[in-house]
Amino acid sequence: MIVKDSEKTSDISKGLVLLMATVCGFTVANVYLNQTLLVSMSATFHISAASIGIIATLAQIGYALGNLLLVPLGDIFERKKLILFLLFAICIVLALNALSINKTWMMVTSLALGIVTVVPQIIVPLAANIASDHNRGKVLGNVAIGLVCGILGARLVSGFIDVHFGWRMVYWTSAVATLFMIFLVYVYFPRSKGGNATSYKHLLMSLGPLFIKERALQKACVSQGMMFASFSAFWTTLVFLLHTHPYSYGSDMVGVIGLVGIAGAFATPIIGRLIDTKGEKFASLLCMSISLLAFIGLIRGGYWLPGLILGALLITVGTQANQVACQFTIFQLGEEKRSRLNGLYMVSTFLGGSLGSYVGLLAWTKWQWNGVCAIAILMIAISCCSLIPMNIPRKMIGNLMNKKGSNM
């Protein structure tokens, strides 16, 4: 079956949505495996915990590069073949990660893993194209469940395997799981066809003008980029918080908290339905408010385990639900360019994530947990500013100029 981009059907099966969510979860998890393993890696390579943090940052930078260079190909190539090719590449790079012998090797393979692990951002536009206009928010919300489960489940599984079998086994396990995903995609995914008959060079050259032209895209990039930065700052530094007083836990505890956070994944379909009824701006404001309140509470509550768990849950809900709201917004700009729109959007999202990981580690080094929370609150405040209509500052300036002219 070939699903053309111009088709909009309302009968996308629940099984297909579930499979899309599953593949998204298993693949996006690869970007986050290392966050729980940083302490173990630092011991293996005999370097400081702060120094090994660059590996988490490079994985997210790689993911941003993959979104810029590979995701737009979904607008011109058959998506199923593109997904299968990338899944094979993921298997190879995972094996190279497992075989790392020093920090430099791990840095290169982590960057490469981030680049090829962009399968979810090819699947999401495919799901948006298949879904009808009246249930697109719901479908995107359901697919997002897989993304959240993958992001947080990665920490649970990697933490458990690290404690019992070592961090290298985490990458071997993920490689085997990816082989199984290849089989499922090959058998059950529909074929699709991009709507643009253009060269790769022209496709990439169109990204800049597209970003400059679409104000809604710019605002979505700022909104989710900063929200994801706060999210990454939290999860990257959480492993260090749990290794210190009053906790003194191991890497597996990060995974347990991540498991609680997975409950937040099931808020994304609710946000999807809210988008379909109340609109994406209302949903975004709600998501930002949830994350902001969570970090304010974590300034004190972060040193109390129930408070830390509740904060993790709320941060996950706010960040991932806001991603659905922002994607809904940009997908209204035209289905023939959805892969490029999503690619640009995810570039900003994961550049924000890499910034959050880096700045979060700096804040932890200088000011510990309170510094991390303060930085995250600042990032969410910047995200909130993206909701301010761009014509308001212009109107204010115009009104001031008119008043000044009338007084002269």
Side-chain angles (χ1 to χ4, degrees), residues 32 35 60 140-141 144-145 147-149 151-152 155 219-238 241 254 257-258 260-272 274-275 278-304 306-329 345-346 348-360 363-364 369-388:
Y32 301 93
Q35 291 185 357
Q60 295 189 63
L140 291 175
I145 291 178
L147 287 168
V148 182
C149 290
I151 291 170
L152 298 179
R155 297 180 176 92
K219 294 168 73 172
C221 288
V222 173
S223 174
Q224 186 60 11
M226 288 295 97
M227 285 287 285
F228 200 65
S230 66
F231 179 87
S232 294
F234 173 82
W235 286 105
T236 302
T237 57
L238 180 61
L241 175 66
V254 180
I257 294 178
V260 176
I262 288 177
F266 296 92
T268 54
I270 298 174
I271 291 294
L274 189 64
I275 293 169
K278 296 289 187 179
E280 62 273 17
K281 289 185 179 179
F282 176 83
S284 285
L285 180 60
L286 178 62
C287 296
M288 293 173 188
S289 300
I290 291 172
S291 290
L292 183 62
L293 291 173
F295 275 110
I296 291 173
L298 282 170
I299 293 175
R300 296 293 296 274
Y303 296 98
W304 180 50
L308 186 62
I309 291 172
L310 178 60
L313 174 64
L314 294 178
I315 290 167
T316 303
V317 170
T319 304
Q320 300 305 322
N322 188 66
Q323 177 167 311
V324 175
C326 290
Q327 283 180 318
F328 182 92
T329 299
Y345 167 73
M346 294 309 299
S348 66
T349 297
F350 279 87
L351 284 177
S354 62
L355 174 67
S357 295
Y358 180 73
V359 175
W364 172 264
W369 184 246
N370 287 347
V372 174
C373 292
I375 288 294
I377 289 170
L378 175 61
M379 290 171 174
I380 296 173
I382 296 173
S383 180
C384 290
C385 291
S386 68
L387 291 179
I388 301 174

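Note that the structure is a prediction, hence the values are computed from the model and not measured. No hydrogens, no waters, no symmetry mates; every other heavy atom, side chains included, goes into these values.
The six-membered or imidazole ring of F231 lies near that of F228, with a centre-to-centre distance under 6.0 Å.
Between M226 and L355 the shortest side-chain heavy-atom distance falls below 4.5 Å. A 4.5 Å side-chain heavy-atom check between T316 and F234 finds every atom pair outside the cut-off. A heavy-atom distance below 4.5 Å is found between the side chains of M379 and V359. Put simply, the side chain of L241 reaches to within 4.5 Å of the side chain of W364, judged on heavy atoms.
Atom CE of M346 and atom CD of Q323 lie 4.5 Å apart (nearest 0.5 Å). One finds the OG atom of S383 at 10.0 Å from the CG atom of L285 (value rounded to the nearest 0.5 Å).
Contact between I315 and A294 at its shortest, heavy atoms only, is CG1-CB, 3.8 Å. Taking each heavy atom of I380 and M288 in turn, the nearest pair found is CG2-O, 3.8 Å. Nearest heavy-atom pair, S291 versus M227, reported as atom, atom and distance to 0.1 Å: OG-CE, 3.5 Å. Shown here for I299 and C373, the closest heavy-atom pair between the two residues is CG1-CB, 3.7 Å. Shown here for A363 and I375, the closest heavy-atom pair between the two residues is CB-CG1, 3.9 Å. Here the closest non-hydrogen pair linking W369 and L298 is NE1-O, 3.0 Å.
When atom types are taken as modelled, the side chain of S386 and the backbone of I382 share no donor-acceptor pair closer than 3.5 angstrom. When atom types are taken as modelled, the side chain of S284 and the backbone of K281 share no donor-acceptor pair closer than 3.5 angstrom. Of the possible polar contacts, one joining the Q224 side chain to the T319 backbone as a donor-acceptor pair under 3.5 Å is found.
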>> Please evaluate residues L314 and F295 with respect to the criterion side chain to side chain contact (heavy atoms under 4.5 Å, CB included), reporting the C-alpha separation (whole Å), side-chain torsions for both, the decisive distance (0.1 Å), and the verdict.
In response: CA-CA 9 Å; L314 294 178; F295 275 110; over 6 Å; no

>> Pair I290, N322 - check side chain to side chain contact (heavy atoms under 4.5 Å, CB included), show working.
In response: CA-CA 10 Å; I290 291 172; N322 188 66; over 6 Å; no

